[in-house]
Amino acid sequence: MSQFWKPGTEKPRLVDDEEGGVLFFTPSPSFSSGYGYASIEKQRQRLPVYKYRTAILYLVDTHATTIIVGETGSGKTTQIPQYLKEAGWADGGRVIVCTQPRRLAVQSVASRVAEEMGVKLGEEVGYTIRFEDVSNPDVTRVKFLTDGVLLREMMDDPLLTKYSVIMVDEAHERSTSTDILLGLLKKIQRRRPELRLIISSATIEARLMSDFFRRSKKRRDHESDEPGPQVEPAILSVEGRGFNVEINYAEEPAPDYVQAAVSTVLLIHEREPAGDILVFLTGQDDIDAAVQLLTEEVRTNGKKSSGFIVLPLYSGLPRADQELVFSPTPRGKRKVVISTNIAETSLTLEGIVYVVDSGFSKQRFYNPISDIENLVMVPISRASARQRAGRAGRVRPGKCYRLYTEEYFLKHMSDAAIPEIQRSNLVSCIIQLKALGIDNILGFDWPASPSPEAMIRALEVLYSLGVLDDDAKLISPTGFQMAEIPLDPMISKMIIASNQFGCSEEIITIAAVLSIQSIWVSARGIQREMDEAKLRFAAAEGDHVTFLNIYKGFLQSGKSSQWCHKNFINYHSMKKVLEIRGQLKRIAQRIGIALKSCESDVQVVRKAVTAGFFANACRLEAYSHNGMYKTIRGSQEVYIHPSSVLFRVNPKWVIYTSLVSTDKQYMRNVSTIDPSWLMEAAPHFYQQQRPHHLH
DNA sequence: GAGCACTGC
């Protein structure tokens, strides 16, 4: 069991043995009880960032861009916007804005700042996330947003003129919207010398950020005569408030990391003092397997391992099950949380003292040549490994057990993960840039440039959707309408087309359902019951019309959660469908789409779906006995997914709206079509085809 | 008869 390492026999190593490690500051005891009894002002002064207050204000005043390297618990996110406010950056009706990658962070940071400033949330301090605007343009002076919302705001105000200082927090996470935002902010900066940027990043990305904002396409001496702040970015490091984390490496690579993780948990439980354990694995399968192994251990090994509670954690888990991990650990027990990457950044668990790191995670990769997205298990980066280890040092000194060797960590892991934008389909991102007037996509100054293949593929798709002209310029008004809709352009095209077909009400419902994960409850082992439930709504025309039946049933039940439960439908998903549908309805009206229902004429619904997804039309192979289809344009081999209502029905002509790529390419969400609709919907796309292919 | 890392507008 202990063949991988021997905790206690190895000399402890601290996280800071590596260049740019995460956690190496021990706070004085008075810090650790959170906000305690001290006055708010005293608490603010105790935060590590406080002693840099003057330095930060000076740098922001004199530099166009300031990069803040702030470790966990430095207080940068809540304090810097307040310092800026106190220094007068919000005077004269100007606004200080701070972006976050996640909605929950926006809400919690905004409410903390409002509390510290002693104001009502939504007045002087406010926030905006999708579906929720808690701000007042007349009085809000400090505002928190998701970076996606700020990008959307640029469609109305391309230079973001309201804002005096823009702080981009957690920039090192390199989400697609953060990267696009950084590229655009750099452009805005040239037009607005009075604007100040603060980029908050972990150590690993600070140099990259600085280089990005330094390098200029214009000649530097041209700018040096101009008055204003220094163009050269400033970098300031602020220490955090984590505790020491001792790192233990495996002595040799583990052949089976699930088994190794389980053994390690048992070893910690046996030898180490109280404290909860967090295990990082890759996905639901791994996690369920580990939970089962540990549960069996408790059953067979009785007393020795009885003192722990094993809990899985991943985003697909029902909400109530997820919340179990936040319940306090009973006295004398040890909580073992087996998690995906969700616990790396999105959720913070208190009370974790031991971390077990498998060294792997799942990442999505997009192949622009085949136009297929794949979920792949890959080794994590060193930055990620440090972040995971840091989760053990939040309440007191902790330990991290890495299920890989130190040599592997040092020599084979990359510094940082590949930015999302280099692993993604770019169609949505490029139409957004085009709408903002960025026409030279290949020449856009990205923090990390996507591959030319991916950019060209995205341009081809937009061209085929009829929104780009021969000069690759956005066609007005369709292109701009499409960019207004916050969905994949193929779905947006379907919505715009529904206007002519008189079925916008139905299509907007379908669009809302397609943009959530799944409307069915996620559970294994109840497949039969679920299939039966599905049959109650199944339409011969396919999954899209089935969605309409479900939505109708949900409305007729009075939006009842019991009705959902009875029919194996996820109530939270349906509520989300209602929210998205509401937003899409407002946007549709704004861009001139009449809300109209086709009542029971479902043929026009499928025609509208075809108008957006014509590229995904497939025909059943004539001599296929296993349900093999081929896409008409690319002759790619695809199959109907077993969860589709058309599974085993195998109609001759179908169209799909999403593809999952596992051992085969499975079409998910499939409708039957008449091939003549394809020529109607996209003559330019199918005119090269020989006519007999469409019979 | 199969399978879903994680965000976000």
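Letters go in sequence order (proteins before strands), and every chain restarts at 1.
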**OP:** Under 4.0 Å between any heavy atoms, over every strand shown, what does A:S315 touch: base, sugar-phosphate, or nothing? Just pick one.
**Re:** sugar-phosphate
Original post:
So what does A:F131 hit on the nucleic acid, given a heavy-atom distance under 4.0 Å: a base, only sugar-phosphate, or nothing?
Top reply: nothing
Subject >> Minimum-distance nucleotide (side-chain atoms of A:P642 versus B:dG1, B:dA5, B:dG8) >> reply: B:dG1
Original post:
Between B:dC4, B:dC6, B:dC9, which one does the side chain of A:R364 approach most closely?
Top reply: B:dC6
**OP:** For A:S175, answer base if it contacts any base atom (sugar-phosphate contacts may also be present), sugar-phosphate if it contacts only those atoms, and nothing otherwise; contact means non-hydrogen atoms under 4.0 Å.
**Re:** nothing
**OP:** Choose from B:dC9, B:dC4, B:dG1 the nucleotide whose nearest atom is closest to any side-chain atom of A:V149.
**Re:** B:dC9
Original post:
Does A:T146 put a side-chain nitrogen or oxygen below 4.0 Å from OP1 or OP2 of B:dC9?
Top reply: yes
**OP:** Verify, without hydrogens or angle tests, whether A:R391 (side chain) and A:I352 (backbone) share a donor-acceptor contact under 3.5 angstrom.
**Re:** no
Original post:
Under 4.0 Å between a side-chain N or O of A:S346 and OP1 or OP2 of B:dC6?
Top reply: no
Original post:
Using a cut-off of less than 4.0 Å, is there contact between a side-chain N or O of A:R103 and OP1 or OP2 of B:dC9?
Top reply: yes
Original post:
Out of B:dG8, B:dC6, B:dG1, which nucleotide sits closest to the side chain of A:F647?
Top reply: B:dG1
**OP:** Classify the nucleic acid contact of A:L375 as base, sugar-phosphate or nothing, counting any heavy atom under 4.0 Å across all strands shown.
**Re:** base
**OP:** Looking at every strand, decide which applies to A:D663 at a 4.0 Å heavy-atom threshold: base, sugar-phosphate, or nothing.
**Re:** sugar-phosphate
Original post:
From the list B:dG1, B:dA2, B:dC9, which nucleotide is the closest neighbour of the side chain of A:T662?
Top reply: B:dA2
